[in-house]
Amino acid sequence: MLKVRLQTQPHGVERKSLGQMAVHVVKGDGFSGLYRGLSASLLRQITYSTTRFGVYEELKEVFTTGVASPSFPALIAMASTSGFLGGIAGNPADIMNVRMQNDASLPPAERRNYKHAAEGLVRMAREEGLGSLFRGVWPNSTRAVLMTASQLASYDIFKKELLQRTNMGDTLTTHFSASFMAGFVATTVCSPVDVIKTRVMSAKTQENMLSLVTRITQQEGLGWMLKGWVPSFIRLGPHTIATFLFLEQHKKIFRRWHNLDV
């Protein structure tokens, strides 16, 4: 919520910090305002995250043999493919997520007032056409490629290096450390595309990416590339850690259940 509001602050007005924006939202909408768009956010995770994680793990399984595991370039290629497919699958829910979180910042006459994600998708398709559900799909898919490559591939690499260079072992401490570093990398790599994606999806008018990037660079300088980085990391860091800790335990339980080597 705060990430979207910070990334869509109009140029030329006094910029709010993370704390100031949180206070502003609570004053205007109460504490429930911090959870605006929760249904869309959950729908996005169901469509986007499950697709990219599922495809990535399946590709790793296919290309891993008893002799060798995929190289770092191969992991990046697999993660990029998974992210691209996940970005397409999650695009409609992502639009709802951005719009619902940004709605309160608009003048009352311009607000969409979606009740929940499903109602918003139906209204969007009816009022703007089915093609509108894939508005911003290219910056979104680009972000998904960068996110998945920097998050999943970097996690595997960090974990491999920790196992080889330390005596930590394949433990929760190793998983936590690798996922924390992966979250930092993913947040930084994806920040510029994340800002562009948010601007495109929340806009009232159509504007191509080149024109948008040129305009905001002229108006705001290169600082726009890291706008909203702190709330992005606050969201993505714990999310990355929780995701990989759960995934590692899930894989161990699955292998133990099926009598596979752990």
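- With hydrogens and angles left out, the side-chain atoms of Y48 and N97 include no donor and acceptor closer than 3.5 Å.
- Around the NZ atom of K160, the shell of radius 6.0 Å holds no more than 12 heavy atoms that belong to other residues, nucleotides or ligands.
- Checked by atom type, the side-chain pair Y114/R99 shows a donor-acceptor distance below 3.5 Å.
- When the shell of 6.0 Å around CD of E61 is examined, it contains 12 or fewer heavy atoms from other residues, nucleotides or ligands.
- Scanning all heavy atoms of the two residues, the minimum distance from V145 to S80 falls at CG2-O, 3.5 Å.
- In the model, W229 has a side-chain atom that pairs as donor or acceptor with a side-chain atom of T188 under 3.5 Å.
- Between F233 and F184, the ring planes lie perpendicular to each other; the angle is over 60°, past the 30° to 60° tilted range.
- More than 12 heavy atoms of other shown residues, nucleotides or ligands fall within 6.0 angstrom of atom CZ in F53.
- Electrostatic pairing of K227 and E220 counts as a salt bridge here, judged by a charged N lying under 4.0 Å from a carboxylate O.
- Of the N and O atoms on the side chains of Y155 and E248, at least one donor lies less than 3.5 Å from an acceptor on the other residue.
- Among L43, V137, L121, L130, the single residue meeting the side-chain contact (heavy atoms from CB on, under 4.5 Å) criterion with P92 is L121.
- Of the charged side-chain nitrogens involved, none lies within less than 4.0 Å of a carboxylate oxygen, so that R111 and D103 do not count as a salt-bridged pair.
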